[in-house]
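What follows is a short report on a single structure.
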Amino acid sequence: MSSDGAADPAEAVYAFVRTVPRGRVVTYGQIADCLDSVRLTARQVGTILSMCPADAPWHRVVGAGGSTPISKRSPAAALLQRRLLEAEGVAFLGNGRVDMARAQWVDAPWRDE
DNA sequence: CGCTTGACAGGTC
DNA sequence: AGACCTGCCAAGC
């Protein structure tokens, strides 16, 4: 129905986070790296996610290292995120960080380490 | 058209 | 270990 369709980077981000399975998280940079089709940067992902609609599991998106930068803007949002993630079975570290080693979801085109 | 801002990332001090 | 700087790139004014 629209001529643009996939030209909307925001929709690509929402679509990506929707593909994240329950109990798994992704980082802003990871999204930007996988969505190279829309040439996004980690910053844009965050900005877009800030407008995130209710149908996008934004709580599965965390910063690098499993931190939640939203905590400075909205501590309530960070708490909600942690709540939702814990409810999904995501492992948390003692300092309020996600256990990336276990919860970070890796898509196919992940480079060799 | 250009400066400012921004849910980031990584490095340095 | 916390504070500060740069790079990235797009959207807003």
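Quick note on labels: first sequence line is chain A, next is B, and so on, each numbered from 1.
To the nearest 0.5 Å, the span separating OG1 on A:Thr68 from CG on A:Leu79 amounts to 10.0 Å. To the nearest 0.5 Å, atoms CZ (A:Arg60) and CZ (A:Arg22) are separated by 8.0 Å. Atom OH of A:Tyr28 is separated from atom CD1 of A:Ile48 by 11.5 Å, given to the nearest 0.5 angstrom.
Here the P atom of nucleotide C:dA10 and the CG atom of A:Leu49 are 18 Å apart, to the nearest Å. Atom pair A:Trp58:CH2 and B:dC8:P shows a separation of 13 Å (rounding to whole Å applied). Distance CD (A:Gln30) to P (C:dC8): 21 Å, rounded to an integer number of Å. Rounded to an integer number of Å, the gap from A:Ile31 CD1 to B:dG6 P is 20 Å. Straight-line distance from the CZ atom of A:Arg39 to the P atom of C:dA10: 8 Å, rounded to whole Å. Taking atom CG on A:Leu40 and atom C1' on B:dG6, their separation rounds to 13 Å, with Å as the unit. Per the geometry, CD belonging to A:Glu11 stands 19 Å off P belonging to C:dA10, to the nearest Å. Distance A:Ile48 CD1 to B:dG6 P: 16 Å, rounded to the nearest Å.
Residue-to-nucleotide contacts include a donor-acceptor pair under 3.5 Å from the side chain of A:Arg43 to the base of C:dC8.
Residue-to-nucleotide proximity on DNA chain B shows that, of A:Thr41 and A:Ser67, the 5′-proximal contact is made by A:Thr41.
In the set B:dA9, C:dC9, B:dC8, the nucleotide with an atom closest to the side chain of A:Gln44 is C:dC9.
Heavy-atom contacts from other residues, nucleotides or ligands closer than 6.0 Å to CZ of A:Arg102 number 12 or fewer.
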